[in-house]
Amino acid sequence: MGRCLLIVNPTAGRERAKYFMGSLKLQLENNFDTVDLRQTGKKGDATAWAKEAALEGYDSVFCMGGDGTLNETVNGLALGNRPIHFGFIPLGTVNDLARALQIPLHPEQAIAMLKKAKTVPLDIGKANDRYFVNTIAAGVMPEAVGQVSIEQKTRLGPLAYFLTGLKTLQSHKSFLFKMNINGETTTRRSPLIIAMLTNSIGSFRNIAPEARVNDGKLWLATFKNITPLDLLKLAPEMLAGTPVSSEYMYLEQVDHVKIELLNNDHLSTNMDGDTGPDFPLELQILPSFLSVYVPADSDI
């Protein structure tokens with residue numbers, strides 16, 4: 001049955017994590033001989049502990065927390081660079097990876113799922129010297145989304161990000177990017193670029209609906225300049241679940257892409273819901289890098 005490390009962010013989910021970590025530990029003790037529980041106290045704890053677990057030969061690492069805890073844990077496992085099983089209990093606002101993996105979004109249901117779970121391969125992405133499991137984005141929308149308040153997230157959930165994003169696209173601000181995609185160079189002006197590993201972005205499945213967690217590809221969306229009339233058409237289509245048309249964006253499957261920001265603009269990136277690396281970016285896919293626990297009846 002082996003050894004398991006459980007990493008918990010006790011403040012995650014508006015401090016709900018501390019109410020569920022006991023039942024999660026009990027469930028894992030049915031699956032493993034040893035379960036070591038550690039609670040994060042500062043940024044970087046999850047990364048350091050996950051790397052240590054991988055290097056010390058643990059069989060599995062689980063985490064419970066929001067997007068930041070999930071990203072940190074995956075970065076630690078990637079730095080450890082050894083085969084290992086990975087599991088997580090989602091406590092974020094959007095929980096895109098959980099949606100893509102068909103993991104229940106309610107903590108109690110996600111914990112109960114572990115009684116009968118299976119493992120499937122999971123692709124991860126690398127952005128410069130860091131790793132991500134869902135998206136890395138740059139443009140007017142990520143900067144605005146980072147300013148969404150806790151109150152807005154609590155009241156509106158994922159819709160808060162969507163409404164904020166639509167509002168910022170009306171600014172008509174765009175950036176000039178030089179892209180080398182699978183060896184071919186092109187220059188594009190865009191208000192927003194997103195590299196994705198799953199079909200769930202901000203809980204919406206419209207941008208890359210055919211993306212899968214282990215298809216071995218990065219999906220690169222480069223949005224075109226959008227007019228107010230475009231927004232009037234796009235908003236209801238997004239809410240209805242209609243795939244975004246090529247009229248509004250380029251969508252490409254890539255293995256490797258280099259992106260430079262031209263015109264001396266300053267632009268930050270957002271990676272898995274947190275601040276990402278600076279430009280220039282070098283993005284690549286690491287196919288089936290992890291083995292992740294999902295419901296036994298999932299069709300992944």
Side-chain angles (χ1 to χ4, degrees), residues 42-48 50-51 66-81 92-94 96-97 123-148 161 164-165 168-169 171-198 201-202 207-208 217-225 249-252 254-286 289:
K42 63 183 183 301
K43 188 176 180 63
D45 280 349
T47 297
K51 178 182 177 181
D67 292 336
T69 305
L70 174 60
N71 180 269
E72 277 201 27
T73 302
V74 168
N75 268 264
L77 296 176
L79 292 170
N81 197 25
T93 301
V94 180
D96 279 319
L97 184 60
D123 299 340
I124 67 171
K126 186 175 183 182
N128 296 353
D129 60 349
R130 294 170 59 185
Y131 302 87
F132 61 100
V133 289
N134 200 61
T135 63
I136 180 168
V140 293
M141 191 178 292
E143 290 190 329
V145 163
Q147 299 172 13
V148 173
Y161 295 116
T164 301
T168 59
L169 283 176
S171 69
H172 303 299
K173 186 176 182 181
S174 62
F175 306 89
L176 190 60
F177 298 100
K178 180 181 177 182
M179 303 178 174
N180 186 295
I181 302 173
N182 294 337
E184 296 186 5
T185 300
T186 185
T187 301
R188 292 175 182 165
R189 182 168 288 281
S190 171
L192 173 66
I193 57 173
I194 311 175
M196 300 158 281
L197 291 166
T198 76
I201 311 299
I207 298 178
K217 296 292 182 182
L218 274 172
W219 294 71
L220 180 65
T222 308
F223 281 77
K224 303 175 183 180
N225 287 320
M249 71 175 184
Y250 303 96
L251 181 64
E252 296 147 298
V254 304
D255 303 303
H256 185 266
V257 57
K258 294 181 179 180
I259 306 175
E260 296 179 53
L261 181 62
L262 304 180
N263 288 357
N264 296 317
D265 283 324
H266 173 73
L267 186 61
S268 59
T269 66
N270 183 289
M271 187 167 71
D272 287 347
D274 206 349
T275 303
D278 293 330
F279 285 91
L281 295 176
E282 181 171 5
L283 310 179
Q284 57 185 304
I285 186 77
L286 303 179
F289 191 88

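Here the structure is a predicted model, which means the values were calculated and not measured. Just so it is clear, the values below take in all heavy atoms, side chains as well, and ignore hydrogens, waters and symmetry mates.
- Of all the heavy atoms in Thr269 and Pro277, the pair that sits closest is OG1-O, 2.6 Å.
- Applying the side chain to side chain donor-acceptor pair (under 3.5 Å) rule to Glu260 yields no partners; only residues at least two apart in sequence or on another chain are considered.
- When all heavy atoms of Ile136 and Ala127 are compared, the pair lying nearest together is CD1-CB, 3.7 Å.
- The side-chain heavy atoms of Asn128 and Phe279, taken from C-beta on, include no pair separated by under 4.5 Å.
- Panel note: side chain Thr198, backbone Leu97; no donor-acceptor pair is recorded below 3.5 Å.
- Looking at heavy atoms from C-beta onward, Leu70 lies out of side-chain contact with Asp272 at the 4.5 angstrom threshold.
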(message) Assess the residue pair Glu72 and Lys43 against the criterion (side-chain contact (heavy atoms from CB on, under 4.5 Å)); give the C-alpha distance rounded to whole Å, side-chain angles, the decisive distance to 0.1 Å, and a yes or no.
(response) CA-CA 8 Å; Glu72 277 201 27; Lys43 188 176 180 63; 3.4 Å; yes
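- Side-chain contact check for Asp123 versus Phe289: every heavy-atom pair is 4.5 Å or farther apart.
- Closest heavy-atom contact between Asn225 and Ser174: OD1-CB, 3.3 Å.
- Counting only distance, with no hydrogens or angles, the side chain of Asp45 and the backbone of Lys42 share a donor-acceptor pair below 3.5 Å.
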(request) Kindly determine whether Phe223 and Ile207 satisfy side-chain contact (heavy atoms from CB on, under 4.5 Å), including the steps that lead there. (result) CA-CA 10 Å; Phe223 281 77; Ile207 298 178; 4.2 Å; yes
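- The two atoms that bring Ala138 and Leu267 nearest to each other are CB-CD2, 3.9 Å, heavy atoms only.
- Rounding to the nearest 0.5 Å places OG1 of Thr187 at 7.0 Å from NZ of Lys178.
- Side-chain atoms of Asn270 do not come within 3.5 Å of backbone N or O of Thr275 as any donor-acceptor pair.
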(request) Take Leu218 and Leu197, measure what side-chain contact (heavy atoms from CB on, under 4.5 Å) needs, and give me the verdict at the end. (result) CA-CA 5 Å; Leu218 274 172; Leu197 291 166; 3.5 Å; yes
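- In the displayed structure, Lys258 atom NZ is contacted under 6.0 Å by at most 12 heavy atoms of other residues, nucleotides or ligands.
- Residues Ala221 and Met249 share a closest heavy-atom pair of CB-SD, 3.9 Å.
- Atom CG in Leu220 sits 5.5 Å away from atom CE in Met179 (nearest 0.5 Å).
- The OG1 atom of Thr186 lies 6.5 Å from the CD1 atom of Ile181; values are rounded to the nearest 0.5 Å.
- For Lys217, the NZ atom is densely surrounded, since the number of other residues' heavy atoms within 6.0 Å is greater than 12.
- Interatomic distance, Leu251 CG to Met196 CE, rounded to the nearest 0.5 Å: 5.5 Å.
- Taking CD1 from Ile124 and CG from Asn75, the interatomic distance works out to 7.5 Å, rounded to the nearest 0.5 Å.
- For the pair Val257 and Leu281, the minimum side-chain heavy-atom distance is 4.5 Å or more.
- Atom CG of Asp255 sits about 11.0 Å away from atom CG of Leu286, to the nearest 0.5 Å.
- A 4.5 Å side-chain heavy-atom check between Phe177 and Ile193 finds at least one atom pair inside the cut-off.
- When the salt bridge (charged side-chain N to carboxylate O under 4.0 Å, His left out) test is applied to Lys126, no partner is found at least two apart in sequence or on another chain.
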